[in-house]
Amino acid sequence: MAVRSAYYSGFTPEVDAAFSSYGLGWHYDAGIQFIRLVLAGTFDRMPGLQTGGWAQPNDMNDGAP
């Protein structure tokens with residue numbers, strides 16, 4: 001909560017919530033976790049490991065946008 005308050009507060013409650021989640025916070029958090037995986041050597045130990053997300057094709061949509 002301390003980080004969220006320091007980074008994403010000071011506006012209306014609705015803007016604070018949006019800013020800290022889908023507005024920007026989610027992207028920062030996802031990026032940090034990906035870097036942690038890289039620095040921990042996860043992809044060296046498991047070279048076939050793939051990450052995915054909403055914007056990446058998967059088996060459910062056969063790569064369609």
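All residue numbers in this chain count up from 1 along the given sequence. Predicted, not measured: the structure shown is a model, and the values here were computed from it.
- In this structure, the separation between OG on S9 and OH on Y7 is 12.0 Å, given to the nearest 0.5 Å.
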In residues 33-46, what donor-acceptor pairs under 3.5 Å come from side-chain atoms, sequence neighbours left out?
| from | atom 1 | to | atom 2 | distance (Å) |
| --- | --- | --- | --- | --- |
| T42 | OG1 | L37 | O | 3.2 |
| R45 | NH1 | A40 | O | 2.8 |
| R45 | NH1 | G41 | O | 3.4 |

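- Looking at residues two or more places apart in sequence or on another chain, you find a side-chain contact (heavy atoms from CB on, under 4.5 Å) between V15 and F11, T12.
- When all heavy atoms of A17 and S20 are compared, the closest pair comes out as O-OG, 3.1 Å.
- Note on ring orientation: taking the six-membered ring where Trp is involved, the planes of Y28 and Y8 are tilted (angle from 30° to 60°).
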